[in-house]
Amino acid sequence: MTLQFDGCAYFRQRLVLSTLSCTPIKIKNIRSQENEPGLRDSEINLLHLLEKLTNGSKVEINATGTSLYYVPGALIGGTIEHQCSLQRGIGYFLELVLYMAPFMKTALELRLQGVTNDRDDPSVDLIKYSALPVMKRFLGSDDGLELKITKRGAKPNGGGEILFRCPTKMKLRPCQWTDAGKIKRIRGVAYAMRVSPSLANRLIETAKGLLLKFLPDVYIYVDHQKGSNAGLSPGYGLTLAAETKNGSVIAAESCSIPRAEEGSTTTITIPEELAKEAVYKLLDEIYKAGVVDSFGQALSFHFMALNQADVSKVITGPLNSYSMQYLRYLKQFFQIMFKIENAQEIPRVKNEKMEEDADDDEDDEETRGSDDDEDNELKTGSPKVLLTAIGIGYHNLTKTLI
């Protein structure tokens, strides 16, 4: 049965779920009312990458590019090289691969070339800090899971290169991930490409000046690339990650504005302002996040749905629009629904049941009440959401057993 969609929104989500569920899709009216109708170069480039990752997939695009028919093939994996479109960052393409990588026939070794750090898409550094810990939770181990930046590249000319390795799994491991724990340390990387190394030092100095007010364990290292490893365009930026005692990682980043083409004007990025932006983004993420940050929400929901027929639980902050749409698509492609409840109310219900069952003295009740008051004083940020799902029992039948 072919599923039909309208418009170009959430393009990658549709392709991922179509491939994994082996369901053909048809997308109509892709930017049909715009001055430049049809698919963008970056989206066509993404389809080329998907053709390399699969065997037997079929893509049909009409003459104007406003209609797409996609029949998925089998995920084969192996060693693949791909030149990404410079319109979007490598993170745009790598995010699609993360969702499908564990379900390949053979272990994936992927080299992507293009723009590694960009203001529009998640950078490779952010994906390394944020997505890999989520994958490690559901895969069971990080053996063979690697993301390495061999060359950095900024817009507009790119020139960066990354290497992503991922093992294949027959089935995923269910995960009960409901306690983020307190922040124990902050790590980060300040990178500079084809600019003075002092810019990276200025980033670190400003960021540490703000973060050391909250936590003593802050370490940010400098990644200053030279020559061919620095790509073809100048740029610099800062990626920060807060690690908790229970292994959760919350990440945020900020990147310099790309150099404008000759004749056009652009605002100049000041390193101190850039560092402040990155720190404030991280503090905002810590306030909003549960066990995963906003980038890792949809990825964790994806692995929860494709898990064994067992219960998985994850606590997150307020759901963003991307994650909410992904939950709708999971229901449409796999007929799976999540139970969503307010995480703050759950402990109170348990306490009420315990009080009804146990006939304790008034003194015990008073002490319990004082303990509850102390717990309520703990500042845990924005309201948290508990998502519970029973996996569909997805098995990777293409995996080579011998």
Next item on the list: For E95, check salt bridge (Lys or Arg N to Asp or Glu O under 4.0 Å) against everything at least two apart and list the hits.
Entry: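 Partners of E95 under the salt bridge (Lys or Arg N to Asp or Glu O under 4.0 Å) test: R12.
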
Note to self: Please enumerate all residues that pass salt bridge (Lys or Arg N to Asp or Glu O under 4.0 Å) together with E109, with sequence neighbours excluded.
What the structure shows: R165

Quick one: are [X] and [Y] in side-chain contact, heavy atoms under 4.5 Å?
X	Y	answer
E243	I183	no
F338	I390	no
H224	M193	no
L108	L53	yes
L112	L49	yes
R152	D125	yes
S67	I61	no
Q225	K151	no

Check: How far apart are the C-alpha atoms of K148 and I162, what are their side-chain angles, what is the distance that settles it, and do they pass the side-chain contact (heavy atoms from CB on, under 4.5 Å) test?
Finding: CA-CA 6 Å; K148 190 166 72 174; I162 63 123; over 6 Å; no

Item checked: Which residues share a ring pair (Phe, Tyr, Trp, His ring centres under 6.0 Å) with Y329, sequence neighbours left out -> F5

Margin query: Checking F303 now: which residues fulfil ring pair (Phe, Tyr, Trp, His ring centres under 6.0 Å) with it, not counting sequence neighbours?
Written below: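 Here the qualifying residues are F138.
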
[Y]/[X] salt bridge by N-O under 4.0 Å criterion:
X	Y	value
E272	R202	yes
R31	E43	yes
K136	E146	no

Around [X], counting heavy atoms of other residues, nucleotides and ligands shown, do more than 12 lie under 6.0 Å from its [atom1]?
X	atom1	result
Q33	CD	no
E51	CD	yes
K52	NZ	yes
M337	CE	no
K184	NZ	yes
E34	CD	yes

So how far is it from [X] [atom1] to [Y] [atom2], rounded to the nearest 0.5 Å?
X	Y	atom1	atom2	value
M304	L172	CE	CG	12.0 Å
I336	L306	CD1	CG	8.0 Å
T116	L94	OG1	CG	11.5 Å
L132	C166	CG	SG	9.0 Å
D284	L282	CG	CG	9.5 Å
S300	I315	OG	CD1	12.0 Å

With [X] as reference, evaluate [options] under the side chain to side chain contact (heavy atoms under 4.5 Å, CB included) test and give the passing residue.
X	options	answer
M100	L17, V16, T54	V16
L15	L20, L47, V59, I27	L47
P167	L145, T106, D143	L145

Where do [X] and [Y] come nearest, in terms of heavy atoms and distance?
X	Y	result
A242	I286	CB-CD1, 3.9 Å
A154	G235	CB-CA, 4.3 Å
A207	A275	N-CB, 4.0 Å

Is a side-chain donor or acceptor of [X] paired with a backbone partner of [Y] at a separation under 3.5 angstrom?
X	Y	answer
S18	T23	yes
S233	N157	yes
S256	Y236	yes
N62	T66	yes
T19	P72	no
Q13	Y322	yes
K155	Q87	yes
E161	N229	no
K208	T206	no
N29	G7	no

So, [X] and [Y]: side-chain donor and acceptor under 3.5 Å apart, yes or no?
X	Y	value
N201	S198	no
E285	S294	yes
D293	S130	yes
H302	Y326	yes

Item checked: Aromatic ring proximity Y394/F103, centre distance under 6.0 Å -> yes

Check: Hey, would you say the Y70 and F11 ring centroids sit under 6.0 Å apart?
Finding: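 No, too far apart.
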
Margin query: Show me the pairs that pass salt bridge (Lys or Arg N to Asp or Glu O under 4.0 Å) and involve residues 167-180, at least two apart or across chains.
Written below: none

Note to self: As a quick check of understanding, evaluate side-chain contact (heavy atoms from CB on, under 4.5 Å) for Q176 and V311, giving each step before the final call.
What the structure shows: CA-CA 8 Å; Q176 306 275 336; V311 177; 4.0 Å; yes

Note to self: I need the single residue from R185, K182, R187, K245 that forms a salt bridge (Lys or Arg N to Asp or Glu O under 4.0 Å) with D217. Which is it?
What the structure shows: R187

Next item on the list: Sequence neighbours left out, what passes side-chain hydrogen bond (donor to acceptor under 3.5 Å, both in side chains) with D121? Give chain and number order.
Entry: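 Counting only residues at least two positions away or on another chain, D121 forms a side-chain hydrogen bond (donor to acceptor under 3.5 Å, both in side chains) with R88.
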
Checklist line | side-chain contact (heavy atoms from CB on, under 4.5 Å) between L98 and M135, worked out | finding: CA-CA 8 Å; L98 293 175; M135 294 184 72; 3.6 Å; yes

Check: Would L319 and F301 satisfy side-chain contact (heavy atoms from CB on, under 4.5 Å), going step by step from the backbone distance to the final call?
Finding: CA-CA 11 Å; L319 300 181; F301 302 161; 3.7 Å; yes

